[in-house]
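What you see is a predicted model, and the numbers here were worked out from it, not measured in a lab. The first residue of the sequence shown is numbered 1, and numbering continues consecutively from there.
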Amino acid sequence: MSFDHAVCLDGTLPGYHWHRGYGSGANNWLIHLEGGGWCNNVRTCVYRKKTRRGSSTYMEKQIPFTGILSDKADQNPDFFNWNRVKVRYCDGASFTGDTENKAAKLQFRGQRIWLAATEDLMSRGMRNAKQALLSGCSAGGLASILHCDEFRNMFPRTSKVKCLSDAGLFLDAVDVSGGRTLRSLYNGVVGLQGVQHNLPRICTIHRDPTSCFFPQNLISNIRTPLFILNAAYDSWQIQSSIAPPSADPHGYWHECRLNHAKCSASQMRFLQGFRIEMLNVIKGFSQSRENGLFINSCFAHCQTERQDTWFAANSPEIRNKAIAIAVGDWYFDRAGVKVIDCPYPCDKSCHNLVFK
């Protein structure tokens, strides 16, 4: 990709992995944006430069394509023969920044990486797409929301274009100490990386830029059909934004944070409150006939990329429907999909994450 200043944090070129589509999927495209947190100050961004999250020097040349990226019909029934692309994440601001810090030799060029990758793919056949789906997980799931309408506008009206956000519904929630850990993190990301210029205008005319990095303030205004897949007890959000060590100096939440089975009754009540907040955030969004929803009551994070959670004999289900089937039903308009699980501990199909 020879696009002006479309580079990773350390100035190296960005990249993507691509499996060509074949047969009936030859003109269909799935673009999946990689996740991996954010960097919100010079110190954390400089650290990222020495990893695959900030430099293509450290990226693997080949990666396994599983789950929604799998090329096997029995693992990925609806998208297995599409062109499947995983865009690597090396900017630290969900593909939205555009500035630099010369003193620290940092390039914040996420927006340019996004544009360079999509333009490059357009020239390799994506401009002829009959059907396209922009997806992403975690920070990439947030990016798929932020870039959803932009992606739609790259294609003719006759193309079927939709977006999927997996584990991207990061809430502007209060942490266990009464603070707003995630808001202060996002504030740093947005300010440091020059994100404000690339946020949806329909939000920034009413709100501060940091608020417009939170999906809850964006999803109701997205014109393109969007599917939100999220665990009601998102493991990353519990660990890093609801009960991070910084908000829990005495370690009261330490065990619960790593393993939900060790949460006390009062801790579970707090987490149930988080779930209710998530359900309130999606109320307006879910009224649109075009949108899709799958909120399962699991302690999980990113369920499209892993084979066991996307589509397998024992993968998570709501009303006997696995995630892959729910997403396919929604994408191809086979059925409206707006499913919300009953609260924990009612779902026995979860693949709950436990951390050591």
Side-chain angles (χ1 to χ4, degrees), residues 1-3 6 8 12-36 52-53 56-91 95 113-141 143-144 147-148 151-152 154-155 159-168 227 229 302-312 315 322-328 330-332:
M1 292 185 250
S2 60
F3 291 85
C8 298
T12 53
L13 288 174
Y16 58 72
H17 304 269
W18 172 26
H19 280 191
R20 256 179 219 278
Y22 59 92
S24 61
N27 282 326
N28 299 334
W29 290 75
L30 169 73
I31 308 301
H32 187 79
L33 303 176
E34 186 180 32
R52 61 190 166 87
R53 304 242 187 271
S56 55
T57 306
Y58 301 94
M59 289 177 189
E60 311 87 329
K61 295 287 173 276
Q62 286 188 307
I63 55 170
F65 270 27
T66 55
I68 197 170
L69 291 167
S70 170
D71 61 355
K72 297 181 176 64
D74 60 343
Q75 296 182 358
N76 187 22
D78 282 309
F79 307 109
F80 71 94
N81 64 352
W82 286 32
N83 290 279
R84 288 153 290 108
V85 180
K86 184 166 192 171
V87 183
R88 298 306 294 265
Y89 179 40
C90 64
D91 63 275
F95 297 90
I113 293 171
W114 155 253
L115 291 171
T118 47
E119 281 180 44
D120 195 59
L121 290 163
M122 281 291 186
S123 73
R124 294 173 194 272
M126 189 166 77
R127 65 163 49 95
N128 305 317
K130 293 199 167 42
Q131 305 186 100
L133 176 62
L134 175 65
S135 76
C137 138
S138 194
S144 70
H147 290 300
C148 182
F151 185 68
R152 174 68 196 90
M154 294 173 181
F155 297 92
S159 307
K160 184 186 193 81
V161 184
K162 298 189 179 186
C163 308
L164 162 65
S165 172
D166 174 14
F227 192 102
L229 161 65
C302 283
Q303 301 179 91
T304 56
E305 296 179 353
R306 282 175 45 176
Q307 195 57 53
D308 65 327
T309 46
W310 174 246
F311 193 65
S315 47
I323 294 168
I325 303 304
V327 170
W330 163 80
Y331 184 87
F332 294 103

Item to check | Taking every non-hydrogen atom, the tightest pair across T66 and E305 | outcome: OG1-O, 2.7 Å
Item to check | side chain to side chain contact (heavy atoms under 4.5 Å, CB included) evaluation trace for D78 with V327 | outcome: CA-CA 9 Å; D78 282 309; V327 170; over 6 Å; no
Checklist entry - Is a side-chain N or O of Q307 found less than 3.5 angstrom from the main chain of Q75, in a donor-acceptor match? => result yes
Checklist entry - Out of curiosity, W29 CH2 to S159 OG, how far, rounded to the nearest 0.5 Å? => result 12.5 Å
Item to check | Intermediate values then yes/no, side chain to side chain contact (heavy atoms under 4.5 Å, CB included), C90 and E34 | outcome: CA-CA 9 Å; C90 64; E34 186 180 32; over 6 Å; no
Item to check | Partners meeting side-chain hydrogen bond (donor to acceptor under 3.5 Å, both in side chains) with N27 (sequence neighbours left out) | outcome: none
Next on the checklist: Does either side chain, that of D166 or that of S135, offer a donor lying less than 3.5 Å from an acceptor on the other one?
Outcome noted: no
Checklist entry - Are the charged groups of R306 and D308 less than 4.0 angstrom apart, N to O? => result yes
Checklist entry - Closest approach of T304 and W310, non-hydrogen atoms and distance? => result O-CB, 3.6 Å
Item to check | Any side-chain heavy-atom pair of S315 and I323 under 4.5 Å | outcome: no
Checklist entry - At what distance, to the nearest 0.5 angstrom, does CE of M59 lie from CZ of R52? => result 9.0 Å
Checklist entry - In terms of the angle between their ring planes, are F79 and Y331 parallel, tilted or perpendicular, with boundaries placed at 30° and 60°? => result perpendicular
Checklist outcome for this item: Tightest non-hydrogen contact, residues I325 and P77, listed as CD1-CG, 4.0 Å
Next on the checklist: Treating R84 as the side-chain partner and F80 as the backbone partner, does any N or O pair qualify as donor plus acceptor under 3.5 Å?
Outcome noted: yes
Checklist entry - Taking side chain as C-beta onward, heavy atoms only, is I113 less than 4.5 Å from F95? => result yes
Item to check | Flag, side chain of S56 to backbone of P14, donor-acceptor distance under 3.5 Å | outcome: no
Checklist entry - Do the side chains of F155 and M126 get nearer than 4.5 Å, heavy atoms only? => result yes
Checklist entry - Relative to each other, are the rings of W114 and F151 parallel, tilted or perpendicular (30° and 60° limits)? => result tilted
Checklist entry - So, H17 and R88: side-chain donor and acceptor under 3.5 Å apart, yes or no? => result yes
Next on the checklist: Quick check for you: to the nearest 0.5 Å, what is the distance between L133 atom CG and N28 atom CG?
Outcome noted: 10.5 Å
Item to check | Stepwise side chain to side chain contact (heavy atoms under 4.5 Å, CB included) check, F311 with N76 | outcome: CA-CA 7 Å; F311 193 65; N76 187 22; over 6 Å; no
Checklist entry - Are any side-chain N or O atoms of S144 and backbone N or O atoms of C163, one a donor and one an acceptor, separated by less than 3.5 Å? => result no
Checklist entry - What is the distance from atom NZ of K86 to atom CD1 of I31, rounded to the nearest 0.5 Å? => result 13.0 Å
Next on the checklist: Less than 4.5 Å apart, side chain to side chain, heavy atoms only: is that true for R124 and N83?
Outcome noted: no
Checklist outcome for this item: One should read off an interatomic distance between C8 SG and L13 CG, to the nearest 0.5 angstrom, of 7.5 Å
Checklist entry - For W330, does its backbone N or O pair with a side-chain atom of K162 as donor and acceptor, under 3.5 Å? => result yes
Checklist entry - Rounded to the nearest 0.5 Å, how far does CG of L115 lie from CE of M154? => result 6.0 Å
